Each structure stands twice: as structure tokens, then as C-alpha cells.
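Just so it is clear, the model here is predicted, and its values are computed rather than measured. Both counts, for ligands and for their atoms, begin at 1 and track the order of listing.
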Amino acid sequence: MSDFLDRDWTNFDVILDHTLAEARRFLAGLADLPPGITPPSLFAPLDAFDEGVGAQAALRIFREGYAAWLNGSAGPRYFGFVTGGVTPAALSGDWLTSVYDQNALGSDESVAPWIELETIDLLRRLFSLPPAYSGVFVSGATMANFTGLAIARQWIGRQRGIDIADQGLSAAGPVAVLSATPHSSIYKALAMLGLGRKSLVPVAAQPEREAVDVTALDSALQVRRGEPCIVVANAGTVNTVDFDDLVAIAALKERHDFWLHVDAAFGGFAACSPKYRALVDGLDQADSITIDAHKWLNVPYDSAMIFTRHPRLQAEVFRNAAVYLGEEIGPSNFVHLTPENSRRLRALPAWFTLVAYGREGYAEIVERNCRLARRLGRQIDESEAFDLLAPVRLNGVCFTLADGGCDSDLDRIRRYLDWLRADGRVFLTPTVYRGTAAMRISVTNWRTAQADVEIAWQALVEGVESFL
Ligand SMILES: *Cc1c(COP(=O)(O)O)cnc(C)c1O
């Protein structure tokens, strides 16, 4: 054993103590860390790489040279993208995931796969999904969309009498994917799946909305003349947090042959609260469902789930050994159900936080976040300085700078956001919504409180005054 390894093994307790001290330091300052930060492009070269330095020195080098450039994206006033933080219980579970270092590929030599199954069961209850859905953890909603669409692709092949997993896509011919306002990761997934970004057939949205016009979808399906296809429904769009009418879309299955994939990456959490549940009515009609965990579940990166009613098709795509041909693949044989082979026990942080806070804990987080988003939406709507671009349906606010004529100028929005970023009290991301340069607020962090929203509002207003 190298000297450093040997010494680190002897000093493991001290290393853990120092790691804990660094964690405490970071967490204590998290709320006041600038939510967005620009690191210097060049760091000092590491001169001791040949011999190494040992774990304690590595931690010191990191703390001194790099830690100052970590942003506060896990904190309560980071409203960019759709970004959650880490609950205390999730952190505990995440640390222990690395300590235990179990391979959750699904052998019966560890409790790991059973923990994942139990976590999936808790999540099914959280989202009120029937037992007919099986689920697996993947690294994010992009990978969940990829996995769901891979199963859909296999289904399409089966409808045409072809096993795409065995024979390849060329045997099956082109596949159409219909959607109104898909997340960019859907295109990425289609590219990775060999279906191609251009397989996406855009369907009209309702007027002034991002939700699909179901009549237009009906017509688009009609045009396909019974040829099976894939419909991607969106439950929570990133710009205006709009929701497709899942009940109406599912009803089209009576007349058309399609696979219904629902991207409910964060919108699925509407199901946690009786106040918002109706937004995802019909979710239980989907063939596959994407839900992110590192957003509203507030577990650390990287974590998401794909649920499906078709585990057999899933195993046809992802099975990893010829010896399993013809055998029944159980719900815990994750190696045969996911893109990965070896995988960390990614379910454990989710298990910890779900057990710790329960359904009521998550209903409270969702309702508080939505209440605060609505409050910001109201303030924006009533202010002369801003224009609200869409009603606040859940946890997102889409708005722009008022001031006739200028509001399609993305540069101006970017300069305003740069001011906010330098100010450091709040972090927002830019967007373009229906041709208008805009900004979005997403309230997704378990800690965000009334006081944070007040600080954020103050910063937004002062930004307009000093910048414009
Ligand atoms: C965030 C998001 C994704 C992609 O999620 P990652 O976890 O970043 O891969 C996909 N769809 C929707 C609707 C999202 O909000």
C-alpha cells in the first residue's frame, strides 16, 4: 500500500472529521452564498500530482483553491432552471450510499435492490400511481425520458412485428413522436435512440398556452391512419409550467394506437398536494412516466425515476445477458431494466427523505413553494416594472421587463440578470417565451421561505431601479 493510502487508512477518523467540518462550514453559509458565481477560468496547476498528497492535504487544497467558487444553487434563493436542494435526511442517505458502496444492479447478495423496490413503492404512493407501474432509478430526467422512449420504441416495433432490440431500428422504419411543447431533453433522447430529432412532429398548443391542443393532436393522429406512434405529453413545461390535459389525451387511445409517455419531471409533484393534484389527473393512464428526484424531491444529483406499465418490453430493451433469454426477469433485476450495468444505490437518499418527511412533509414543501411562487407572480403582475407572461399554475413564474417595444430584447434581459447575479441575492434564468425575451423563477427548494421571497423581490425591484 502506498504511504499515503496507508496513512489515510490509519487516519480515517480524522479524515471523516475534517470532511464533516467542511460540510458544516459550507451548509452554515449556504443561504448567503451568491446563488450564481463565475469562477476564474484558470486554476493554479497542481504541482504535487506525481507523488500525491494524501486525503487531508487534498481536502485543504480543494477548500483553499476551489471551494470559494461553489455557488449557492442548493440554497433557498436559487430560482434558476428547476433546482432543488438537499433535505437533511437526503444528505444522510447520500453520504451513506457512498459509505456502503453497494452495487444496486440487482443481485440477491445485498439488500440494495429491495431498498430500491421499496423506495419505488413509496414514490408510487406519493404520486398516487397504481401498483401496475414498476419503476427504476436513473441519473436524471433526461435519462428517464431516454429510457421511457426506448421502451416506447420497442413497443412500436412489436406493433409492426419486429423486435427492434434484436433486429435494429432499420427493420422497423421511421417512428413519429408527437408533442406540443417537449423539453429539450426529449430531442436529445430521440437523437440517442436513433429515432432522430426530426422524428418529433410538433403539434399545435392551445392559444396563449404551452399545453397541447387536443383537437390538433387528434387530427395529427388521424393523419397517421392507424400507424402506431408515440405521444409525449408534458406535465409541467419549463417556461410557464403548463400541463397537457392527460385525461383527454388518454381518451384518444380509444380511437388511435399510440404509446403515451408523460414527462412529469417536476410537474408530477403536483400529485403530492390535494390543491394541485388535478393538474396531473390522468397521469395513471400513461405507458411511461418521467419524474425527477433531484428537483422537487430535494435529493442530491443525480437522481430520477422512470415508471412504466410495460416491464417486459423494458427488459427486452435493456436485458444484459443471453442467459436470461426466455426467463422471467423480476422487478429488482435492475441490470436488465436500466441503461447502466453497475450502479450506485441511488434510491437510498430518496428512501431516507421519504421515510423522514412522509407524504405530508412533501405536500407542505410543494404547497409552500407554490404559495411563494404565486405571491411573486402577484407582485410582478401588479408592478409597473414587469409583465407577467402566464398565470402561475404551480411553482414557476414567467415574466419580462415592462417597457414598450424593448421586451423582445434578450440582451437587455441578460444584462438585467447579470446585475442580479452580481448582486447575489437571487438567481433567475432567461428564456424566450412565444417570441418574447423573458425570465423564469422556479421555487423548488425545501428551505425557501417567505423571507427569501421578500429578499428576492427587493433585489428584483432594486435591479430595475439601478440598472435600467
Ligand atoms: C429538468 C427537466 C428535464 C431534464 O432533467 P435532467 O434531470 O436535467 O436530465 C426533462 N424534462 C423536464 C420537464 C424538466 O423539467
Which N/O atoms of ligand 1 sit under 3.5 Å from a protein N/O, and at what distances?
residue: ligand 1; atom: 5 (O); partner: Asp292; partner atom: OD2; Å: 3.3
residue: ligand 1; atom: 7 (O); partner: Ala141; partner atom: N; Å: 2.9
residue: ligand 1; atom: 7 (O); partner: Asp292; partner atom: OD1; Å: 3.3
residue: ligand 1; atom: 7 (O); partner: Asp292; partner atom: OD2; Å: 2.8
residue: ligand 1; atom: 7 (O); partner: His294; partner atom: NE2; Å: 2.7
residue: ligand 1; atom: 9 (O); partner: Ala141; partner atom: N; Å: 3.3
residue: ligand 1; atom: 9 (O); partner: Thr142; partner atom: N; Å: 2.8
residue: ligand 1; atom: 9 (O); partner: Thr142; partner atom: OG1; Å: 2.6
residue: ligand 1; atom: 11 (N); partner: Asp263; partner atom: OD1; Å: 3.3
residue: ligand 1; atom: 11 (N); partner: Asp263; partner atom: OD2; Å: 2.7
residue: ligand 1; atom: 15 (O); partner: Lys295; partner atom: NZ; Å: 2.8

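- For CZ of Arg25, the number of neighbouring non-hydrogen atoms (other residues, nucleotides, ligands) closer than 6.0 Å is greater than 12.
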For this session: With ring pair (Phe, Tyr, Trp, His ring centres under 6.0 Å) as the test, would you mind laying out the steps for Phe127 and Phe269 before giving the verdict?
Result: CA-CA 7 Å; Phe127 301 124; Phe269 283 83; 5.1 Å; yes

Identify every side-chain donor-acceptor pair in residues 78-96 under 3.5 Å, counting partners at least two apart or on other chains, and give the distances.
residue: Thr83; atom: OG1; partner: Gly80; partner atom: O; Å: 2.9
residue: Thr87; atom: OG1; partner: Ala90; partner atom: N; Å: 3.1
residue: Thr87; atom: OG1; partner: Thr353; partner atom: OG1; Å: 2.7

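- Residues satisfying the side-chain contact (heavy atoms from CB on, under 4.5 Å) criterion with Glu210, sequence neighbours excluded, are Thr181, Thr237, Asn239, Thr240, Asp242, Tyr433.
- A cation-pi arrangement is not found for Lys188 relative to Phe146, the charged atom failing to lie both closer than 6.0 Å to the ring centre and inside a 45° cone about the ring normal.
- Residues satisfying the side-chain contact (heavy atoms from CB on, under 4.5 Å) criterion with Val432, sequence neighbours excluded, are Leu410.
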